[in-house]
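One structure below.
Numbers restart at 1 for each chain; the letters A, B, ... are given by sequence-line order, proteins then strands.
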Amino acid sequence: MRKILVTSALPYANGHIHLGHLVEYLQTDIWARAQRLRGNRCVYICADDTHGTAIMIRANQENRTPEALIADMSAAHQRDFAGMGIRFDYYGSTNSAETRLYCEEIWRALRKADLIREKNVSQLYDVKAGTFLADRFVRGTCPKCGRTDQYGDSCQCGATYSPTQLVNPVSTISGTTPEVRDAVHLFVELEKLHAFLDDWTQNNNHLQPEMANYLAGHFLNDALYDWDISRPAPYFGFEIPDSPGNYWYVWFDAPIGYIGSTLQWCNANGENVDDWWRNDSAEIHHYIGKDITYFHTLFWPAMLKTANFTLPKKVHIHGFLTVNGEKMSKSTGTFILASTYLKHLNPAFLRYYYASKMTGRVDDLDLSFADIVSRVNADLVGNLVNLASRTAKFAGPTGLSAAYPEDGGLFANAAAKADEIAEAYETNDFARVTRLVMQIGDTANKFVEDSAPWNLKKDPEKQQQLQDVCTIALNIYRQMVIYLSPILPELARATAELLDENADSWRLESVKTPLVGTKVNKFSHILERMDPVKIDAMIAESQAINEAEEKQKGLLAKWNDGPEALENEPLAEECSIDDFTKVDLRVARIVEARHVPEANKLLQLTLSLGGGHTRNVFAGIKSAYKPEDLIGRLVICVANLKPRQMKFGLSEGMVCAAGAGGTEIFLLEPDEGAKPGHRVH
RNA sequence: CGCGGGGUGGAGCAGCCCGGUAGCUCGCGAGGCUCAUAACCUCGAGGCCGCAGGUUCAAAUCCUGUCCCCGCAACCA
């Protein structure tokens, strides 16, 4: 029995899970379930990646703590994963004591190995926001081609540069012009481990050949750069113990979260973490996307090696998701959140479809809507479930035959594929699994066709034959479901129920022993057909969500309005339209304005409502306006306010103004064209 | 000359590593069956495997060149 610990890359706590993420988590989940089906011990660990500037800034904008933000996001992530049938043994967080513990341990090891050195780094600093700016938070004019509004590190023209070279840089956080500041950063001298990395990446199949090749030709053919793994405060993360004011860069602690989360799982389950992470007989497997290859195949093994942890047995790298042949797009509604998908469609559809296209190579995976419908309906409903659907009813009254009948080798042939299927699972070639299983289904459906149980049923002499045919068909169906159970756990559960079994007790070996003499429960639809209309609804909803989000983001980013005003003065209780119409607001012109000698805050205004109607109003706006600037202006006044006798005279209304008070008073003024006397509706 | 992947009947893919009559699913045409979620079964039409060279008795498969498409591009999660 192999002892396997498998991880998926940690989703960043700055966004929700979408169908692109799910390529990875489903691939890992299927692989982990397949390992268990084969009788191996397999623990699936994941966690939220919670640190970094992006989280800090977002929390700030949403006016809450990073901890509150990541807690909400973790709950949402776990809800989405559970909905998709992804079963982790443990789901942790990098913002944990356990992860910090291992960061410190690995850090000490790096120090001890003399791999850390300090260097000065010039970076753009946002004075107003009080933070250094990562490249993605700076926009400006490209120093090469002169295009405006380009990112801090690269331009549409293809040029790459340092943010400090950007012309007219602007911080996207505060909208201010950042300045260049120096800070000390800590670097890992990766080059010192070059020989080790050459060996680890190129030998013993730790990587798919194309990725080993990629690293050899792209990074390892030259001296490796020092890796900048610290960020100066303020930063949401772990402060470096021997370098106060500096924090570990999020990519330092993210993979360490694999170990930290394992420790949490161990503590909760009476396991010893060193049995997994310091044990050469345990296998560590990572699943990642090709975009983070560098971190997981160079930095990460280097850190593990230095701190004497188990090195990964394999890093499984996959490509990206495209939808209908193109990159996911918010505007066309193909950027689909897991939660949106689950509102409309059965997770089994996506699990099966992805599986049917996963080959274990780094290729991108295309989700085609037309394709998923035909694939799911043809394979799952028409081929697989149909086999049970067309025979379970006949077998219901009698149950399965007491002895497994002669079937011309059908069962044996299906059982004989076990090794091939196990191997296909091992290499992530789930597409091969589905093809092999559907072949079994093809022959089985043909068998049912040829045996015509519906005719046997009519002949009282042939009831045994009928039972035998159904016994065969249901056994083949059962074999197929066992083979597919890592991909379709819920279907496996429902099938086990039909056959009066427990899916959890199924092992791959179970396909070799026919099920006989047991009862067959009442068949009800195990899986509905996939309805294209629901896909359309899902796309429409995604589009709506994304539009609303974009719009809000656009508005907020453009104006950068803070929450202070609302906080200082929360919204009033709801009122009716009648309540509102009781207040008669009118446009008025200030025809006279003067100081009131004894008053600190008041100006005395004479308002004209047109046609010779005037009002005397005392307004508390002295701190913000001079009388001479007011004369002639149009304002809004409350015209039916009960007059109030003041020390200085009778006040016959109010002028409307917004603001916190003091110099922050802003009179309301109607747009061009309004006339004194117009009512405000 | 940045890196990686891909170009196979209308669509989506397998085959390529280890050369030997081009395969699967959908779609399309004809027929059958009627147990099943308009499902299933049979037969058929449709491809000179991006293009051009080369190696070989033989190339989708190996080599070279070329065109097109997609993704990624360390310090950015």
Side-chain angles (χ1 to χ4, degrees), chain A residues 9-15 49-55 121 123 133-138 151-154 158 160 162-163 185 187 190 209-211 213-215 217-219 224-229 231 249-251 254 289-295 298-299 317 319-322 324-327 353 356-357 359 361-364 366-368 370-375 377-383 385-394 429 431-432 434-435 438-439 441-442 444-457 466 469-470 473 523-530:
Chain A
L10 312 186
Y12 199 52
N14 189 31
D49 179 17
T50 58
H51 292 153
T53 318
I55 299 283
V121 172
Q123 232 187 326
L133 294 169
D135 300 352
R136 52 200 289 252
F137 293 113
V138 185
Y151 278 112
D153 56 345
S154 63
T160 57
S162 153
H185 284 229
F187 289 76
L190 208 58
E210 62 263 47
M211 297 319 283
N213 216 11
Y214 161 65
L215 293 169
H218 197 50
F219 297 111
L224 293 162
Y225 289 19
D226 293 341
W227 182 32
D228 182 354
I229 44 88
R231 294 292 181 274
Y249 173 48
V250 57
W251 261 115
K290 61 184 179 180
D291 52 329
I292 57 175
T293 297
Y294 185 63
F295 299 100
L298 297 176
F299 297 145
I317 303 173
F320 294 107
L321 179 73
T322 55
N324 294 330
E326 291 175 353
K327 204 170 166 175
Y353 182 71
S356 78
K357 299 197 117 185
T359 60
R361 289 190 306 219
V362 191
D363 313 0
D364 291 350
D366 186 49
L367 164 60
S368 149
D371 195 33
I372 189 174
V373 172
S374 64
R375 178 116 259 152
N377 288 342
D379 286 5
L380 291 187
V381 180
N383 188 333
V385 176
N386 188 43
L387 198 53
S389 178
R390 65 197 305 204
T391 53
K393 190 173 72 179
F394 296 133
D429 194 352
R432 186 170 174 74
T434 62
R435 278 200 306 278
M438 287 309 135
Q439 278 169 18
D442 286 341
N445 272 303
K446 178 154 169 39
F447 165 77
V448 173
E449 184 79 13
D450 294 344
S451 308
W454 51 95
N455 288 336
L456 299 176
K457 184 170 188 281
L466 172 64
V469 167
C470 294
F523 180 84
S524 56
H525 279 189
I526 285 178
L527 196 72
E528 78 276 25
R529 298 176 69 75
M530 191 170 189

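- Shown here are the salt bridge (Lys or Arg N to Asp or Glu O under 4.0 Å) partners of Lys446(A), two or more places apart in sequence or in another chain: Asp450(A).
- A donor-acceptor distance shorter than 3.5 angstrom exists from the side chain of Asp429(A) to the backbone of Arg432(A), with no hydrogens or angles considered.
- Base contact: Tyr225(A) has a heavy atom under 4.0 Å from a base atom.
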Distances under 3.5 Å between nitrogen or oxygen atoms of protein and nucleotides 13-16 of chain B:
unit_1: rA14(B); atom_1: O2'; unit_2: Arg435(A); atom_2: NH2; d: 3.2

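- Under the Watson-Crick or G-U wobble criterion, with both distances below 3.5 Å, rC72(B) is paired with rG2(B).
- Looking at residues two or more places apart in sequence or on another chain, you find a side chain to side chain donor-acceptor pair (under 3.5 Å) between Asp366(A) and Thr322(A).
- Nucleotides of RNA chain B nearest to Ser374(A) and Phe523(A) differ in position, and the one nearer the 5' end is that of Ser374(A).
- Considering only heavy atoms from C-beta on, Asp226(A) stays 4.5 Å or farther from Leu190(A) through its side chain.
- Taking atom C1' in both rU66(B) and rC57(B), one finds a spacing of 29 Å when rounded to whole Å.
- Here Phe219(A) pairs with Tyr214(A), Tyr294(A) under the ring-ring contact (aromatic ring centres under 6.0 Å, His included) rule; sequence neighbours left out.
- Listed for the Asn377(A) side chain is a donor-acceptor partner under 3.5 Å among the backbone atoms of Met530(A).
- In this structure rA52(B) sits in a base pair with rU64(B), meeting the Watson-Crick or G-U test at under 3.5 Å.
- Summarising the geometry, the separation between OH on Tyr353(A) and P on rA11(B) is reported as 14 Å, rounded to the nearest angstrom.
- Legend: residues meeting side chain to side chain donor-acceptor pair (under 3.5 Å) with Asp364(A), ordered by chain and number and at least two apart, are Lys290(A).
- Using a 4.5 Å heavy-atom threshold, the side chains of Phe523(A) and Val385(A) count as touching.
- Comparing rA45(B) with rG10(B), their P atoms sit 16 Å apart, to the nearest whole Å.
- Annotation: side chain of Phe187(A) is not in contact with side chain of Ile229(A) (no heavy-atom distance under 4.5 Å).
- Within the nucleic acid shown, Asn14(A) has no heavy atom closer than 4.0 Å to any nucleic acid atom.
- Scored by the side chain to side chain donor-acceptor pair (under 3.5 Å) test, Tyr249(A) finds no partners at all (sequence neighbours excluded).
- Residue Lys393(A) is in sugar-phosphate contact alone, with no base atom involved, counting any heavy-atom pair closer than 4.0 Å across all strands shown.
- Each of Val362(A) and His525(A) has a nearest nucleotide on RNA chain B; the 5'-most of these lies closest to Val362(A).
- In this structure, of rG71(B), rC75(B), rU37(B), it is rU37(B) that holds the atom nearest to the side chain of Val385(A).
- As a whole-Å value, the separation of Leu215(A) CG from rC3(B) C1' is 11 Å.
- On the C1' atoms, rA73(B) is 8 Å away from rG2(B), given to the nearest whole Å.
- Rounded to whole Å, the C1' atom of rC75(B) lies 34 Å from the corresponding atom of rC68(B).
- Within 4.0 Å of Phe394(A), counting heavy atoms only, lie sugar-phosphate atoms of the nucleic acid but no base atom.
- Using N1 to N3 plus N6-O4 or O6-N4 for Watson-Crick, or N1-O2 and O6-N3 for G-U wobble, each under 3.5 Å, rG9(B) pairs with nothing.
- With P as the reference atom, rC62(B) and rG15(B) are 12 Å apart, rounded to whole Å.
- Rounded to whole Å, the separation between the C1' atoms of rA60(B) and rC49(B) comes to 4 Å.
- Using a 4.0 Å heavy-atom cutoff across all strands shown, Leu527(A) reaches at least one base atom of the nucleic acid.
- Between the CG atom of Leu466(A) and the C1' atom of rC35(B) there is a distance of 10 Å, rounded to whole Å.
- Each of rU34(B), rU25(B), rC35(B) was ranked by its minimum atom distance to the side chain of Asn455(A); first place goes to rU34(B).
- We find that CG of Leu224(A) is positioned 14 Å from C1' of rC75(B), with the value rounded to whole Å.
- In this entry the distance linking CG of Asp379(A) with C1' of rU37(B) reads 15 Å, nearest Å.
- With sequence neighbours excluded, the residues forming a side chain to side chain donor-acceptor pair (under 3.5 Å) with Asp379(A) are Tyr352(A), Arg375(A), listed by chain and number.
- Look at the C1' atom in both rG6(B) and rG50(B): the space between them is 11 Å, to the nearest Å.
- For rC3(B) and rG44(B), the P atoms lie 48 Å apart once the distance is rounded to whole Å.
- Between Met211(A) atom CE and rC72(B) atom P the separation is 13 Å, expressed in whole Å.
- With sequence neighbours excluded, the residues satisfying ring-ring contact (aromatic ring centres under 6.0 Å, His included) with Phe295(A) are Trp251(A), Phe299(A).
- Remark: P of rG2(B) and CZ of Phe219(A) are 16 Å apart, rounded to the nearest angstrom.
- Counting to the nearest Å, the P atom of rC75(B) and the CG atom of Leu133(A) are 17 Å from each other.
- Across all strands shown, Val373(A) has no heavy atoms under 4.0 Å from either base or sugar-phosphate atoms.
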Check: protein-nucleotides 40-42 of chain B nitrogen or oxygen pairs below 3.5 Å:
unit_1: rC40(B); atom_1: OP1; unit_2: Gly382(A); atom_2: O; d: 3.4
unit_1: rC40(B); atom_1: O2'; unit_2: Arg390(A); atom_2: NH1; d: 3.2
unit_1: rC40(B); atom_1: O2'; unit_2: Glu449(A); atom_2: OE1; d: 3.3

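- Pairing of rG31(B), defined by two Watson-Crick or G-U wobble distances under 3.5 Å, is identified with rC41(B).
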